[in-house]
Chemist: 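First the structure, which I've put down as structure tokens, then a few questions once you've had a look.
Note that the structure is a prediction, hence the values are computed from the model and not measured. Numbering of ligands and ligand atoms starts at 1, following listing order.
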Amino acid sequence: MKVLVINCGSSSLKYQVLDMTNETLLAKGLVERIGMAGSVLKHEKTNVEEKFIQETPMKDHKDAIANVMNAITDSIYGVVKSMDEIGAVGHRVVHAGEKYATSVVIDNKVIAALEECVELAPLHNPPNLLGIAACQELMPGTPEVAVFDTAFHQTMPPESYIYAIPYEYYTKYGIRRYGFHGTSHKYVAERAADMLGVNIADLKLITCHLGNGASVSAIKRGKCIDTSMGFTPLAGLAMGTRAGSIDPAIISFIADKEDLTADEVLGILNKKSGMLGISGISSDFRDIADAIADGNVRAELALKVFAHRVRYYIGAYIAEMNGVDAIVFTAGVGENDVDTRDVICSELGNLGIKLDLVKNKVRGKETVISRDDSKVAILLIPTNEELVIARDTYELTK
Ligand code: AMP
């Protein structure tokens, strides 16, 4: 069975087509600038070097998906003869609140539940829902599955997810820690168990998803027991442009000093903070590295703050789980940034965490990067959220 995986953002859409008989990627692509001038689709067929690029107006997500369907059925770049060969569509959906702890086949009840979650994820759930509606219209009869970023974290115990604010804000408004990147944390945790040859039920893992958005999770016996993101993805680590956790009193203080509304301050904490805010240069760790090489002190400080926060969570989660067997690095920075991994892992030797500086000189490859005498394994595992979405979609619809 072939599965189409769709990840809709507000003006972009990523997709993959996978053959689930052998879990191979047949094609992938990206649509950008949906609803704006200059809409473009870039499509890549596996093992074909030349990309198929189509610049054509796409006023909404339905137009975008119609163009994706044309690309994947194209006589040269396509991977199916007709859309009938697509057995199911898997959608990445950001927020399911407390409604779903696993992936689900989409029906009207699920759509209504996700609409109720829009207020929890006003930027993310609406485009996810648009993608679902467009597929229903353009591929009627093809089952659709929703795979949620929040689902894997639903196993957290209340002491991890309840904020120390009046309890009725939780019962009335659902204010609690939800956590995000769940699909990625789940994937790398399962791969870690496979790599170590140990049943996941016998492992304590700390998974570090370090990309432009970044989060750390504590995974005990295969279940998430804590994670650094919170009610929204703004909490936890310092990120590319997000501040991560700060003293909440800072918000009204900045609003007052800079004559801004609380929403405007939140905009700054989401888009102008993190690596970009501290360095004043860029949110991209490659630019930060270049600036450090040129002697830029604020870029160096940004990296130190980032590493400090990751170490902080590693320490906290070791305490919460009473130990750790392996630490996993994944996502853009975690998979590729040799120096950042090095800075994070330095001075953790007394906790039994010893990075092998030679083995660490690697990018984007599934491998062990700890020293042979390290009590705790350090693993580099490229994430594959689309594969998890395709697997869940296949399992629920085959
Ligand atoms: P993601 O959000 O997982 O796609 O990660 C994107 C981020 O990964 C980029 O903003 C970069 O900061 C970082 N990144 C990607 N490639 C590299 C690399 N080769 N070295 C350092 N950082 C990288």
Side-chain angles (χ1 to χ4, degrees), residues 5 7-16 28-30 32 42 44 92 94 123-124 149 179-189 191 207-217 227-229 232-244 270-294 296 298-307 309-310 328-345 355 357 359-367 369 379-389:
V5 173
N7 180 354
C8 277
S10 56
S11 65
S12 68
L13 183 162
K14 287 189 216 150
Y15 65 92
Q16 289 193 357
K28 65 178 177 180
L30 168 69
E32 289 174 295
K42 294 173 189 158
E44 273 176 79
R92 177 193 180 208
V94 169
L123 298 179
H124 294 104
D149 262 32
F180 300 88
H181 297 141
T183 316
S184 175
H185 287 289
K186 177 177 189 265
Y187 173 78
V188 298
R191 284 301 311 143
T207 50
C208 307
H209 177 110
L210 311 179
N212 194 33
S215 63
V216 184
S217 289
T227 192
S228 58
M229 282 180 166
T232 73
L234 181 55
L237 300 174
M239 310 179 207
T241 62
R242 292 187 203 131
N270 267 302
K271 296 196 175 125
K272 295 191 173 160
S273 300
M275 297 298 100
L276 173 65
I278 301 173
S279 70
I281 290 173
S282 170
S283 61
D284 192 305
F285 282 68
R286 288 162 288 198
D287 299 335
I288 298 285
D290 289 347
I292 293 173
D294 288 344
N296 186 300
R298 271 173 56 188
E300 193 178 354
L301 178 62
L303 183 63
K304 281 185 176 164
V305 170
F306 180 81
R309 201 70 73 82
V310 178
V328 182
F329 286 103
T330 194
V333 178
E335 291 167 24
N336 295 300
D337 195 333
V338 174
D339 293 337
T340 300
R341 288 195 303 260
D342 186 357
V343 179
I344 292 168
C345 294
L355 186 73
L357 298 184
K359 289 186 197 160
N360 185 42
K361 286 195 195 317
V362 61
R363 291 198 161 92
K365 196 177 131 204
E366 205 170 84
T367 185
I369 53 173
L379 308 176
L380 195 168
I381 304 180
T383 194
N384 196 341
E385 291 159 278
E386 290 79 8
L387 182 58
V388 178
I389 297 171

Chemist: In the protein, which heavy atom is nearest to atom 2 (O) of ligand 1, and how far is it?
Modeler: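 In this structure, atom 2 (O) of ligand 1 has N212 N, 2.9 Å as its nearest protein heavy atom.
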
Chemist: Could you tell me, atom by atom, which parts of ligand 1 come under 4.0 Å of a heavy atom of G211?
Modeler: 1 (P), 2 (O), 3 (O), 5 (O)

Chemist: So which protein heavy atom does atom 12 (O) of ligand 1 come closest to, and at what separation?
Modeler: F285 N, 2.7 Å

Chemist: If you count the non-hydrogen atoms of other residues, nucleotides and ligands that lie under 6.0 Å from NZ in K28, is the total more than 12?
Modeler: no

Chemist: What protein heavy atom is closest to atom 18 (C) of ligand 1, reported as residue, atom name and distance in Å?
Modeler: N336 CB, 3.4 Å

Chemist: Just by distance, with hydrogens left out, do T330 and E335 show a side-chain donor and acceptor under 3.5 Å apart?
Modeler: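 Yes, side-chain donor-acceptor contact under 3.5 Å.
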
Chemist: Is any N or O atom of S283, backbone or side chain, closer than 3.5 Å to an N or O atom of ligand 1?
Modeler: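 In fact, backbone or side chain, S283 has no N or O that close.
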
Chemist: Answer yes or no: is there an ion pair linking R92 with E386, defined by an N-O contact shorter than 4.0 Å?
Modeler: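 Salt bridge absent between R92 and E386.
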
Chemist: Look at atom 23 (C) of ligand 1 and find which of G213, G332, P382 reaches it with the closest heavy atom.
Modeler: G332

Chemist: Between Y15 and N7, is there a side-chain heavy-atom distance shorter than 4.5 Å?
Modeler: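 They are not in side-chain contact.
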
Chemist: In ligand 1, which numbered atoms sit nearer than 4.0 Å to a non-hydrogen atom of R363?
Modeler: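 Here the atoms of ligand 1 in question are 19 (N).
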
Chemist: Which is closest to atom 20 (N) of ligand 1 in terms of heavy atoms, H209, E385, R286?
Modeler: R286

Chemist: In terms of side-chain heavy atoms, does H185 have a donor or acceptor partner in S215 at a distance below 3.5 Å?
Modeler: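 Short answer, yes.
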
Chemist: Flag atom 4 (O) of ligand 1 as yes if some protein heavy-atom distance to it falls below 4.0 Å, otherwise no.
Modeler: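 Given the 4.0 Å cut-off, atom 4 (O) of ligand 1 does not count as touching protein heavy atoms.
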
Chemist: Checking side chain to side chain contact (heavy atoms under 4.5 Å, CB included) between F285 and each of D337, N212, D290, which is the one that passes?
Modeler: D337

Chemist: Give me the residue, atom name and distance of the protein heavy atom closest to atom 13 (C) of ligand 1.
Modeler: V333 CG2, 3.6 Å

Chemist: Taking the side chain as C-beta and beyond, is there a heavy-atom pair between I369 and L379 under 4.5 Å?
Modeler: no

Chemist: Please list the nearest protein heavy atom to atom 10 (O) of ligand 1 with its residue and the distance rounded to 0.1 Å.
Modeler: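 Ranking protein heavy atoms by distance from atom 10 (O) of ligand 1, first comes D284 OD2, 3.6 Å.
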
Chemist: Ignoring hydrogens and angles, state whether a donor on the side chain of R363 or N336 is under 3.5 Å from an acceptor on the partner side chain.
Modeler: no

